[in-house]
Every structure is written in C-alpha cells, then in structure tokens.
S.K.: 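Once you've had a glance at the structure underneath, I'll fire off some questions.
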Protein chains: 2
Amino acid sequence: MAGLADVHALLFDVFGTVVDWRGSITREVERLGKEHGIDGDWNEFAKTWGRGYIENTQRIAHGGEGSLSVDVMHRESLQNMLDTPQWKPFGDKLTNEARDELNLIWHKLDGWPDATPGLYALKKEAIIATLSNGNVRLLLNMAKHADLPWDTILSAELFGSFKPDPNVYLGAIKHLSLEPHNCAMVAAHLFDLRGAASVGMRTVYIPRPGENPNGEEVKLRADNGDVDIVVESFTELAAILAKRK
Amino acid sequence: MAGLADVHALLFDVFGTVVDWRGSITREVERLGKEHGIDGDWNEFAKTWGRGYIENTQRIAHGGEGSLSVDVMHRESLQNMLDTPQWKPFGDKLTNEARDELNLIWHKLDGWPDATPGLYALKKEAIIATLSNGNVRLLLNMAKHADLPWDTILSAELFGSFKPDPNVYLGAIKHLSLEPHNCAMVAAHLFDLRGAASVGMRTVYIPRPGENPNGEEVKLRADNGDVDIVVESFTELAAILAKRK
C-alpha cells in the first residue's frame, strides 16, 4: 500500500479496463447479423475489429503514420473487414449509412459490473480521469451511456500521440498540476502500466477476462515489482484507498 | 429558441458565471482578517485581486506575454497587493506559507445557488463542460468543492492562450468533434460571448450580480442580436432545452 499513499489522481485506461468492449461489440453484431439472417463467429468479429485499433495506435505511438482519430480508425478497419471473403455476406447487407451507425457502437460500450459503483466510490478518494487512446468525444459519449462519473476526460488526442508514448502520460500529469508519483495509472494491460511506470507514475493492475491473451496476468505480480498493486475490482481499489485516511 | 435547437454541447465560463468568486473571496479574507485583528474593505480586496486575473488573461489573449498558469497569476497579484500601503498591515500578518494557502481559495469558490441543481438538470440535455481561463487542476478542485457535475473540464490552458482568443473556442469545439453551431457558450460576460460568436458558436447570456460593472447587461438583449438567448438561471436554461424533445 505504500505505493498509493501519495496518489491524488487515478488515470484509467478505458477499453477493456473500464468497459467490456468485446462483449458489447459481440452482442451488437450478433443482433445485427440475426436481423439480416447472417450467421458467423461474432466474438471473432469483435476481436478482429478491436485488434485493428490496437495495432494502429501502437504503431503511431512508436512514431508511425496514421489517423489520430480513433473513430476514423475503427471505420477503416470495419470497411476492410467487410471486404474479406469471411465477412462479405454480412457486408453486403450493410449500406454506408448502416456502417457509420455500427461504427458508433464504440461510443456505447457497457462497463464491467464493478465499473460504475467502483468509480462513484473512487471519486470520493481521488481525482478520477480517463487516460485513453480513444478520442474525447467518444469517451464523453461512453461516460454518458455507461454512467461513468469522471472528474474529467483526458485523451491521448489532446497530446498528439497514443499510449505508451511517454508524452501522453506526461501531458496528463502536467495538466493535473501533479508530480508523476502522485498519479496512478489503472489498466488491464501491462504495456500501458509499463509506459506509466517509465515516467514515474504508480501502477494499478486489474485483470479483466481476455484482455491479456498472452497470459501476462499469470506472470504479473505486485510482489515481484512489475506493478505497485493488483486489484480484482474498482470497488476493492476504493476500499484500499479509503483506508489511507 | 431556434438558436439552441441543434446545440449538443454547452461550454461554461466559470468565474462569475458558475461560481460567485467575489462573495467567496470576500468571506475568506474577512474571516482571515478577523483572525488577525485586521479591518478593511474586504469586498474591495476581492475585487482588486480578481481584476489582476482579468487584466492578465486579456493581455495574453491579445498576444501579450505572461504566465499561462492562473495559479501563478493569482499568487503574483496577491503578493503585489499585500505590498501596497492599503493592505500592508494585513500582509504583515501573513507568512509566505499563509499566502500560498490563501491563494488556494480560488480552488474552493462557492457556486451561485442555481449552479449545482441547474448543471445536474442540464447534464441530461447536453454535454456540459467548462471552458474557462482557469487551469485544469483549479477547475477540477472547484468542481469537487462546489459539486459541479461536468462531463469534462476544458481549459484555455489546453490550447495555449486565453479567451477571447478564437483558438481557445476552436480547440474546444474540435475536441468535442462538433461544428461551432452545435456548441453554445454560457457566460455572464459579453466579451466572452462575442469571442464565441466570432467562431460561429451559439451564445447564452446569464446576468450575475456585479459581473458587468459597465452596465452591459442593461444594453444587452437577445432580441437585438447581441446574444442568442438570455436566461436568469441554469435551471431556466435546462427547462428550455428539455422542451426541444
């Protein structure tokens, strides 16, 4: 607990950490498929769509070229997927307008069950803000949809790159007028926590189903120094922070 | 009402529009004065301190030099005031540490009576965000202190200038992924509303006691085209927006 004693602000990864993107997308495309009489592995569809986002943001974070708008990125990935033989029958049913609308599912993802009650409890203990690769508007819409009571929305978009580029973490810390060790990154992904730790932030790891497909969570332990603390839910994190007083 | 039909986001000036800075500062310095046995015109003290902020931000908005941190600006103004013959007796009682602490009063200003209930109601009708010359951390602390349920905190600090520099309004609009006419500026000051209108935003004027010492509010009427709408409270604005559905 020593690691979090001086933490005044918690910065949250959002996709996978706060909201269950894969479950939400799977449910939506499955519903849409049924509506058009198309069958398919919808969980696989969701995973592939999400992977395009991860690959693009990581490439840009490390200096590559590409759109800084996650909305544009998702729309391009969708277009590419619907052109593949596997998903063309589904794509044939979707007009450009229907594709634009489907793309907005990324603004309406559902929170993990502990997300909303956990964030309300955490808001009493510290500043709670997003620090996501998603754009500001997307994060705003998601907060309204899933009842996520952020104190403010911080996005990689404001700092011209993507996590784990150190400039993203440093930009957020600067605008909070805090020192790095007064801020903790909360995430379900080790690459994000390593990026935060590299600039001196504290780190909170929360395992979420399917978010570390390479089995990182098994190797990852607070007591071997990879992260400062591991929690199972936001409500558990709130209880830990409440004990500081 | 036509003017607000397509508004998806309301951007709020904060000092004077949402919070009663003069009343809050006056109460605090009066309390502190009594504690040290000093008497003075505390309302005048508050007004002078606030004026330093307004003059500095306006100068920088129009291309002048100076600190972009409103905390630094307030601290320098305080230092200068406490060196004047009028306030030196008060200054003599305040250590540097006490002055630093007094400076934080700007993070703990009280909302006008309609602010909190009005913002909760408005949050159901549109995105509600600050667009203040105050820095992000100050606005975050104020929101926690006065229970202001912003969807996000936008600050001139993020865009490297101050209102009424058009870049501040345009930066906010861009990060909300909206067109200017989908955003309304809500303010008690005509210079701010003119700046917003100059980039194509809608404008909501709310008169607040003492905020327009030159009698601007008397000359200002929605029906002569200065602003799109005039309201007496945030709750009135929420009722107007609720009727759009």
Side-chain angles (χ1 to χ4, degrees), chain A residues 8-11 14 67-75 100 103-104 106-107 119-120 122-132 134-160 171-179 182-183, chain B residues 8-11 14 67-75 100 103-104 106-107 119-120 122-132 134-160 171-179 182-183:
Chain A
H8 302 314
L10 299 167
L11 296 173
V14 175
S67 173
L68 283 176
S69 163
V70 168
D71 281 334
V72 171
M73 216 177 262
H74 282 139
R75 187 65 180 80
D100 287 346
N103 202 49
L104 286 181
W106 289 95
H107 293 225
L119 290 176
Y120 273 95
L122 285 165
K123 197 177 167 90
K124 295 177 192 155
E125 307 299 332
I127 291 169
I128 56 168
T130 60
L131 186 59
S132 166
N135 42 303
V136 171
R137 178 62 184 282
L138 181 156
L139 296 167
L140 271 171
N141 288 353
M142 202 186 305
K144 292 230 185 222
H145 169 80
D147 191 11
L148 309 172
W150 304 118
D151 287 316
T152 191
I153 304 281
L154 292 171
S155 158
E157 180 193 17
L158 295 166
F159 312 114
I173 292 163
K174 181 186 155 201
H175 287 296
L176 294 172
S177 305
L178 288 170
E179 297 297 319
N182 298 131
C183 300
Chain B
H8 303 314
L10 299 167
L11 296 172
V14 175
S67 174
L68 283 176
S69 163
V70 167
D71 281 334
V72 171
M73 217 178 263
H74 281 140
R75 187 65 179 80
D100 287 346
N103 201 50
L104 286 181
W106 289 95
H107 294 225
L119 290 176
Y120 273 95
L122 285 164
K123 196 177 166 92
K124 294 177 192 155
E125 306 299 332
I127 292 168
I128 56 167
T130 60
L131 186 59
S132 166
N135 43 301
V136 172
R137 179 61 185 283
L138 180 157
L139 296 167
L140 271 172
N141 288 353
M142 202 185 306
K144 292 230 185 224
H145 170 79
D147 191 11
L148 309 172
W150 304 117
D151 287 315
T152 191
I153 303 282
L154 293 170
S155 158
E157 180 193 16
L158 295 167
F159 312 116
I173 292 163
K174 181 186 156 200
H175 287 296
L176 294 173
S177 305
L178 287 170
E179 297 298 319
N182 299 131
C183 301

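Each chain gets a letter, A, B and so on, in the order its sequence line appears, and its residues count up from 1.
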S.K.: Tell me, yes or no, whether the heavy-atom count around B:Lys144 atom NZ, taken from other residues, nucleotides or ligands under 6.0 Å, exceeds 12.
M.R.: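 Counting neighbours around NZ of B:Lys144, more than 12 heavy atoms of other residues, nucleotides or ligands fall under 6.0 Å, so yes.
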S.K.: If you measure from CG on A:Leu131 to CG on A:Leu10, what distance do you get to the nearest 0.5 Å?
M.R.: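 A:Leu131 CG to A:Leu10 CG: 12.0 Å, rounded to 0.5 Å.
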S.K.: If I measure from the heavy atoms of chain A, does B:Ile153 come under 4.5 Å with its side chain, its backbone, both, or neither?
M.R.: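 Contact with chain A is through both the backbone and side chain of B:Ile153.
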S.K.: Can you tell me which of A:Leu158, A:Leu148, A:Leu178, A:Asp151 forms the most heavy-atom pairs within a distance under 4.5 Å of chain B?
M.R.: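 It is A:Asp151.
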S.K.: Just give me the residue among B:Glu157, B:Arg137, B:Lys174 that pairs up with chain A most often, heavy atom to heavy atom, under 4.5 Å.
M.R.: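 Of the options given, most contacts go to B:Arg137.
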S.K.: Do B:Leu119 and B:Trp150 touch side chain to side chain, with heavy atoms closer than 4.5 Å?
M.R.: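 In short, these two side chains touch, coming nearer than 4.5 Å.
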S.K.: Can you tell me how far apart CD1 (B:Ile127) and CG (B:Leu122) are? Round to the nearest 0.5 Å.
M.R.: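 One finds 13.0 Å between CD1 of B:Ile127 and CG of B:Leu122.
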